[in-house]
Amino acid sequence: EREREREREKEREGSGAVLFPDWAYKPAWSPGSRQVHLWHFLLELLGRGEGGAITWGSEWGEFVIKDPERLAKLWGERKGKPHMNYDKLSRALRYYYNKRILHKTKGKRFTYKFNFNKLILVNYPSLPTCPQVTSSVKHFNCV
DNA sequence: ACCGGAAACT
DNA sequence: AGTTTCCGGT
């Protein structure tokens, strides 16, 4: 499990395709935690721009799950949970509401929105506003 | 489809 | 702590 994670990291480094800043992959707020978190996994898929299971939406930080069951299967594979489905994955997403990591875009099916400010705030308590945005990190632009 | 309580798991 | 599992309710 850990080996795979390290291999992926090496791949990222090797390809030079840094889609998100380091803190998006390795949260500083959970020191010693090697766990792959769901929001982390989602950013990874969105960063790859694979687009089959999940894509960015129209608004900043908004994403749309195009194939809920496929996304659930991918997540299940990552976590070693072969019986993962969208019902259970979406429960995990709902736990993010109180943590202010995500919220639901009401009325839009399978559509959620990242609270990047909260993510940034959690990782960097010293940064009250937006991070410095590099050209390759479009979705971290501040409105 | 979406919500959120409750209990269980790692 | 961050889910996973299950489920009754809207």
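Remember, predicted model here, so these are calculated numbers, not experimental data. Every heavy atom of this structure was used, including side-chain atoms; hydrogens, water molecules and symmetry mates were not. The sequence lines fix the lettering, A, B, ..., with proteins before strands; numbering per chain opens at 1.
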Query raised in the report: DNA chain B: Lys108(A) or Lys81(A), which has the more 5' nearest nucleotide?
Result: Lys108(A)
Query raised in the report: Between Thr111(A) and Asn98(A), who's closer to the 5' end of DNA chain B by nearest nucleotide?
Result: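 Closer to the 5' end of DNA chain B: Thr111(A).
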Hey, does the side chain of [X] come within less than 4.0 Å of [N]'s phosphate (OP1/OP2), counting only N and O?
| X | N | value |
| --- | --- | --- |
| Lys99(A) | dG2(C) | yes |
| Tyr95(A) | dG5(B) | no |
| Trp75(A) | dT4(C) | yes |
| Lys79(A) | dT4(C) | yes |
| Lys88(A) | dT5(C) | yes |
| Tyr97(A) | dC3(B) | yes |
| Lys104(A) | dC2(B) | yes |

Requested in this report: Select base, sugar-phosphate, or nothing to describe what Leu38(A) touches, counting heavy atoms under 4.0 Å on all strands.
Outcome: sugar-phosphate
Report task. Name the nucleic acid region contacted by Tyr96(A), choosing base, sugar-phosphate or nothing; use a 4.0 angstrom heavy-atom cut-off, strictly under. Result -> sugar-phosphate
Requested in this report: Kindly say whether Arg109(A) contributes a backbone atom to a donor-acceptor pair with the side chain of Thr111(A) at under 3.5 angstrom?
Outcome: yes
Query raised in the report: Where the side chain of Phe110(A) is concerned, which of dT5(C), dA1(B), dG2(C) is the nearest nucleotide?
Result: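 Output: dA1(B).
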Report summary line: With the side chain defined as heavy atoms from C-beta on, Arg94(A) is closest, among dT5(C), dG4(B), dA1(B), to dG4(B)
Report summary line: Heavy atoms of Trp75(A) and Val36(A) approach each other most closely as CH2-O, 3.6 Å
